[in-house]
Amino acid sequence: MAEMLHLSVTSGSDSSALSDQSASSRVGNRSLRVAEKERRKNEAEDPFVAALKYFSDVEAGTPVVGNDDFENNLVLVEKVAYSRGLHPEAISIMLEFAMSLRMGTTPCVRILKCLIPASVVPQEAVVRAWVWLTVGKIPTSTQILFIKWVLTVFDMIDGKDHLRAVYGFIFSFVTDENLSPFICHVLYLLTRKESVRVFRVRKLLELQLKLGRQPYLLHLLSLYKVFCPELVTLSIPSRLRSGFKNHNNPWKSALSAVQKRNGCQVPSSTSLLFTNKDKTASRKRKHRHLELPALRSVTIQMDQTASSSISSNSRMVVPLVQVHSFAELLENIHRIELPAQMGSLLGSSLALQYLDCVQDESALLRLNFWLGFALHEEFLFCGDGASQTSEEALLFLNKLLSTQHFLQEGFFSSEAFLYKFLNFWDGSLFRPQILDLLSNIPVVPSTKIGQLLFEPLMQLFFTSSLFFKCGLMECLNSMLLKWLTWHSVYALEDDLDISLNSHTSINMTLSGFKDSVMKLIHFVGRLASVGLQLEGCHSVLLSFILDFYETVCDTFLKYGLPLVVVPPPGVFYPALMATDPVSVDRLAYIMHRYKVNLMSAKTQEKVTEAFYISRQTIREFNHYMVVMVNCLWNSKMFHPGMGVQLGEELLLRSNVAQHWRSFDLIHHPAFLSYAVDFHQRCWPARRDMDLNSIKLAKPWSWYLEYLYSQGYDGLKQIVPAH
Amino acid sequence: MKVGDLSVYIDMSLLKPFSKLPALNAATILLVEREERFQQNLADALVGDTTVTVNVRLAKSLPLPMDNEESRPRIDLVVFIINLTSELSLKSAEASLKYLDPGYFLGKVCFLATNARNTSVPTERLDAMRKLAASLHCPLLFAEDQTPDGVNSATERLLTVLKVAAGLVPTATALYLSSLTRCTIPPDIDQPSFE
Amino acid sequence: MDDFGRRLLQRLVRRTPAQALKATLGKWERLTVAQRQSVDFTQPKVAVMEQLVAIFEENGWTVKHITELEMINYMENANRGMWHAFQMTDPKDDANAVEMMQFKEQFKSHLSELVRHVSVKIKKHTDEALWIRIAWGDSYSPPNHLKPTYVVHHLQTPYVFVTSLNSKQKPFLVQALILSTGYQGIKDANLSGQKLTAIRDLLMKQYQQIFPSKYNSPLTEKNETVSNPHIEREQSEHASKRLQMACEAFGDGIVPQLQTAVYKLETKFRGDANTNRTMTKREGPFRCLVKFASTNLLESFRECASSGIASTPVSPLLSSITLKGRNYFVVTENGLPSSQT
Amino acid sequence: MEGASSKGVLSHLSHLEVVTRSRKCEAQQPGRVAELKAKAAALVKQRDQLKAQIQIQQNLQKLRKSMNKHSNEEEEEMDEDSENSQLLRLMARHSHLRDLLDAHHLIGGYDVIKTSQGKGMCVSLATAYEGVYLDTYNLELDLKPKLRIRRHNIPPFIPLNQLAEQSNMEANIKPFLHLLSQHLNAFAGRKQQLKLVKENHKSIEVMESNVLCSILVLMLTVPRQKTAVLCTLDYTDQTRCLPTNARFESEDKELLNSPDWKKHCSLLKDTPLHKALTTMKTIGSIM
């Protein structure tokens with residue numbers, strides 16, 4: 001509850017920040033400065049200040065044991081820290097005091113534990129602390145505690161540049177077996193392209209030889225590999241365990257409490273103090289472990305101000321847009337560091353647009369790295385089912401979706417993720433999102449489509465509820481739509497070779513594409529017929545299936561794909577015999593569209609050898625038409641040569657009078673009510689109802705007119721010309 | 001710590017699918033789970049179905065004790081619940097399998113795996129699980145036992161299979177359905193998802 | 001009050017939570033009601049400390065009184081430090097007739113004979129337990145009140161529970177105990193834990209044990225989880241049998257809260273030769289240490305056994321924790337824990 | 001933007017699914033009611049059965065009285081509704097036997113059952129004082145290879161191993177059990193007495209006692225002159241719940257030398273403590 005409330009608050013603040021970045025930022029800064037001054041003023045006579053003073057200039061070697069004013073001061077500081085959090089100076093003073101071991105190692109831990117930042121952590125202090133780490137004789141456990149602290153407050157450090165300046169220095173700790181897991185984590189967060197060097201890679205590889213394939217090393221290496229694939233040659237395993245745990249235990253509760261409090265008090269101070277890179281860094285880390293509440297306030301801002309993340313760099317970009325060409329913007333994108341930046345790209349349409357038009361392999365690679373990693377961490381290797389229902393996961397998926405809809409294509413990392421995930425899916429977890437993601441996947445080569453998609457989907461489809469079945473139908477329909485649309489967009493005139501994905505270099509021949517589409521259609525046909533059978537021709541399912549065939553029947557005319565596939569009997573007959581008139585009508589419409597497509601295909605065939613429709617297809621189609629017309633108009637149901645054959649004596653035994661009529665437009669269960677209604681309107685005087693009298697020439701045509709007037713145009717389309 | 005269920009059965013009788021007559025508009029499902037955790041929730045959810053009367057029998061492993069042989073109705077579907085985070089869970093299921101009449105493997109057995117997405121699940125165990133299911137031509141369902149939604153969907157999927165297996169769906173038979181849903185060993189898609 | 005007194009008091013105040021401290025002062029008769037109310041426990045420890053010091057000084061109380069306070073405090077929340085159990089053996093005939101007064105003076109006299117500087121305080125707790133606080137000194141230094149030894153003993157029982165006793169002082173204590181309780185020997189009971197109550201209950205059989213009986217025990221009813229007529233548990237009797245066994249082995253209801261059980265194996269390594277040849281080749285016992293740790297060990301064992309995660313009947317190695325009342329075992333070649341009980 | 005729309009459809013489908021599910025749950029409610037009704041019915045049935053049983057029991061009492069009386073009157077009592085009386089007579093016999101069994105327990109028979117397929121046995125010893133059943137103690141014994149105590153819940157201040165030795169248990173268990181139950185009963189008795197004293201005699205302060213209840217020091221006060229008398233009882237023989245020795249201490253010696261206080265001394269030795277104290281109270285020598 002509290003979190004939700006808090007979320008709303010921050011989002012509010014963000015929207016304000018969003019509305020007009022430049023102005024609000026200035027205001028924010030000013031207000032912040034004012035607030036800061038305020039705090040100073042009323043802290044002038046504050047004993048807390050005195051306490052800080054004590055710690056800043058207590059001389060080295062003062063005994064701790066039985067030292068009461070030390071005790072008192074520390075208690076004071078702790079009290080403040082746990083209630084309000086410490087402001088930057090306080091942090092630097094205490095950190096300095098602790099790490100310099102001025103009063104020995106005893107108070108060190110206790111102080112580190114109470115270093116709860118109110119707003120930010122001055123990076124200078126952190127850098128100094130790192131230096132102290134080498135100077136003093138700090139016990140390993142305490143060293144680790146310090147690094148954990150750095151990791152916890154990483155997103156609150158007001159800048160990373162100086163830290164990056166001492167990257168090499170920090171890297172030097174990696175050889176310490178006790179520290180290296182944590183050091184690797186820090187490095188992971190600090191690494192940028194230029195910090196990847198041959199000797200570092202070599203060092204890490206050495207370590208790996210020494211310590212074995214430790215996940216934290218692998219993670220760092222995989223990151224290095226993304227930056228400089230040429231330097232890192234080892235292969236990273238696909239099932240990479242989550243390398244870095246979150247180490248915020250000592251501070252977790254206190255930090256979140258303080259952030260809650262401050263979050264509502266001075267939102268500007270938090271929201272604006274986080275520069276672009278911090279946010280994204282936090283987002284990235286967040287998606288390694290969503291359960292990290294301490295940083296939520298930070299990260300949630302991230303989520304809402306998805307576009308403010310870009311806005312803050314659009315602040316410097318936008319003027320350029322007016323003046324210069326995309327080249328400038330390109331630079332800016334590159335100035336934004338990767339991959340920490342990638343998270344925010346997801347949310348920001350601008351960045352995506354650039355990304356889209358920039359054919360920048362590496363940028364996409366990095367985005368995909370980040371994405372694939374996040375997806376994996378969240379949905380394939382979650383610890384003890386913690387994050388299953390987490391809001392963040394949902395937010396994240398939706399964001400990803402909107403991004404993909406924006407780009408109108410899926411990321412291949414998400415595609416790869418889906419292929420894995422389908423094999424573990426229970427069919428309900430994040431169903432809308434997953435199905436939607438699935439509908440975005442680019443065309444799958446017909447050789448792999450079976451195993452990657454169809455097999456897992458089959459199992460899910462046939463074991464799951466009606467709603468899942470409908471959902472999957474919808475998903476496959478929109479998948480087909482996208483494939484076709486994409487084909488119609490990217491297909492070149494001489495349809496020999498078409499690049500499958502605007503960014504990836506996988507190529508696919510037209511025939512290959514056709515195969516894939518055909519396979520998909522056949523697969524759906526199978527699902528549809530058996531699904532209808534299992535669900536007793538449920539009309540909702542049927543309507544979703546007909547949706548699909550409405551797409552299929554127009555492949556040639558609408559999308560210029562020379563392909564016609566008619567529905568299987570398992571779909572046709574249930575639709576024909578459906579109890580609701582709409583389905584029958586839609587079937588009629590679909591058959592009509594088939595007809596039109598085939599006709600035009602024929603003519604095409606005459607002109608150019610565009611493609612050759614198998615006689616088989618045409619035969620099937622004609623057969624369906626015959627059946628339909630005979631059954632609905634000519635009331636020749638069960639006649640020899642029709643689809644549905646029944647033994648004569650059986651029909652007799654059923655003693656249905658004039659059984660051949662029982663499915664014409666008058667007696668068809670779907671239309672019977674209309675027939676009755678028509679009858680009453682036509683002959684209001686008549687007591688005894690004789691529906692057959694409608695069959696007479698005149699009333700028949702009236703009846704048909706009546707039906708069409710009810711909106712059944714599909715029927716109108718295929719009414720035989722009398 | 002020595003582990004393994006030592007409860008010894010004297011009678012090693014097979015469980016037979018057709019040794020008894022079915023009850024009217026009723027289906028019986030047998031949930032076999034070593035931990036006996038998830039099965040209880042599932043059972044509660046399963047009996048909640050109003051369209052048919054569902055009888056649930058819970059067991060830790062097979063064979064079932066002889067003494068409630070006559071009280072036991074005909075079992076239409078045997079579900080092995082396997083917690084993938086524990087090797088033991090899989091092993092005990094494997095051990096239990098041999099107390100089933102071959103008739104059951106014509107679509108009346110199904111595996112339900114939990115915690116598949118957990119970090120602590122080794123790839124080998126997953127593969128072993130799939131191989132087992134595939135070799136027996138049984139469907140392998142995955143379930144999210146942690147969340148209520150997960151339990152619900154697992155329940156509904158089991159009901160879908162159960163109704164067919166109990167012959168309550170006129171247009172389908174257990175064997176037919178299993179031919180559509182049986183587990184297949186997927187190719188190891190080993191392109192590292194981030195690279 | 002001298003500086004040492006301050007330190008003693010300070011330590012006492014610092015290491016006890018405010019509420020416990022309040023309770024303790026309540027138990028302590030010396031404080032007047034007014035004084036008790038005057039102390040404000042909401043303020044930080046340091047301030048509380050100051051107030052107490054003031055009170056102590058105005059009444060001219062000294063270390064003696066502080067130790068008194070400390071003792072009460074310890075008796076109230078005894079689950080601190082590491083408690084070790086000792087068992088006295090072969091009692092004389094009058095062992096059962098020993099009563100408190102004589103024990104008190106005997107113990108004091110014996111101990112002061114053995115050690116020059118020692119201060120002993122004996123109090124009787126509500127549950128008939130004798131609490132003994134010993135501050136050890138030696139022939140040169142005065143008793144050190146900063147690290148006293150606490151001994152808890154129920155008269156007429158062979159068991160003694162001791163905390164923070166170092167090996168140098170052990171022989172003295174042991175001798176004094178033997179002499180004043182009318183036993184002839186004493187040995188380590190191989191039972192230790194942070195909770196005094198736990199090890200006491202375990203040895204004094206003050207927890208609910210389950211025994212096989214011809215009437216079906218309440219356990220079986222407890223085990224019943226029939227939620228719905230349509231849900232049937234096959235093997236339910238197996239489950240109840242498991243529960244029965246588990247409870248017979250580890251007790252029912254709230255069991256003594258042990259934290260650890262340690263097994264020191266000194267056995268021959270068994271295992272097929274080809275896999276780890278190095279292990280099988282080596283002669284001499286194969287030493288290793290198995291340690292179970294939990295916040296409530298017996299409960300978790302019971303849970304394991306009853307839920308079938310662990311095998312039933314429970315392995316003697318585990319059941320002998322309650323059976324023999326110990327949590328440290330040396331397992332020798334014959335497989336079973338070497339029993340000195 | 002058909003992407004959005006399709007998402008709409010999908011999430012709507014899930015929503016629908018949730019709705020239907022909840023509907024099912026509602027449908028269950030009446031089922032629940034029926035369940036409760038059934039339960040109520042069952043309970044009523046049970047109550048009636050119990051009533052019937054009470055009825056039968058009363059008949060039995062009558063019957064058994066008559067059985068103990070001469071048979072001849074019984075005949076004429078019984079000849080009406082004979083098939084019923086047949087049953088009743090059997091039941092009477094049965095309950096009679098059960099009473100015998102209980103009696104057997106009281107006179108020192110033990111509840112013994114075999115454990116672990118006859119390799120061990122479990123004895124349970126019930127303690128009682130003045131007809132009030134107190135705690136029950138259990139012993140689990142191994143029969144093979146030799147008779148030894150495996151497990152028990154007897155408090156440590158009962159010298160179990162000593163008793164086992166001195167009554168050499170391995171040879172014959174009966175005397176051991178007898179001795180043990182004596183100890184236990186005595187202990188239970190003493191404890192009970194102490195409890196009663198604490199409950200009924202608020203004016204008397206228990207100065208000292210111990211877990212074994214083998215030593216007891218009481219503070220008595222003489223009514224008028226309010227002199228305190230310290231009464232020490234020790235129960236050296238732990239198979240008895242009466243003190244082997246009782247003595248008084250007080251500052252005015254002549255009071256203690258007075259005859260009725262001498263009497264009190266002997267009184268305490270051979271009557272249960274709480275009773276003795278009541279009598280002393282009634283006499284008026286203590287308050």
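Letters A, B, ... are given to chains in the order of the sequence lines, protein chains preceding strands, and every chain is numbered from 1. Values below: all heavy atoms of this structure, side chains included; hydrogens, waters and symmetry mates excluded. Everything quoted here is computed from the prediction, not taken from an experiment.
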Tell me whether the count of non-hydrogen atoms from other residues, nucleotides or ligands lying under 6.0 Å of [atom1] in [X] goes above 12.
{"X": "C/L289", "atom1": "CG", "result": "yes"}
{"X": "C/I254", "atom1": "CD1", "result": "no"}
{"X": "B/K20", "atom1": "NZ", "result": "yes"}

*Relative to chain C, which of B/T28, B/N68, B/L46, B/I29 shows the most heavy atom pairs under 4.5 Å?*
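The candidate making the most pairs under 4.5 Å is B/N68.
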Pairing donors with acceptors under 3.5 angstrom, does anything connect the side chains of B/R57 and C/Q235?
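No, because no side-chain N or O of B/R57 sits under 3.5 Å from a partner of the opposite role on C/Q235.
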**Prompt:** For the residue pair B/E36 and C/S307, what are the closest heavy atoms and their distance?
**Reply:**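 Nearest heavy atoms, B/E36 then C/S307: OE1-O, 4.4 Å.
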Identify the two heavy atoms, one from B/V47 and one from C/H230, that lie closest to each other, and give their separation to 0.1 Å.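 Scanning both residues, the minimum pair turns out to be CG1-CB, 3.7 Å.
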| task | Kindly compute the distance separating OG (B/S61) from NE2 (C/H238), expressed to the nearest 0.5 Å. | result |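 Result: 8.5 Å between the selected atoms.
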request  = Drop me the distance from B/L31's CG to C/I231's CD1, to the nearest 0.5 angstrom.
outcome  =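 Those atoms lie 9.0 Å apart.
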Practice item. Kindly indicate, with the supporting measurements, whether the criterion salt bridge (charged side-chain N to carboxylate O under 4.0 Å, His left out) is fulfilled by B/R72 and C/E232. Key: CA-CA 9 Å; B/R72 184 183 310 136; C/E232 187 83 29; over 6 Å; no
Exercise for review: Before giving the answer on side-chain contact (heavy atoms from CB on, under 4.5 Å), spell out for C/R242 and B/K60 the whole-Å C-alpha distance, their side-chain angles and the decisive distance to 0.1 Å.
Suggested key: CA-CA 12 Å; C/R242 278 204 305 276; B/K60 189 177 179 61; 3.6 Å; yes
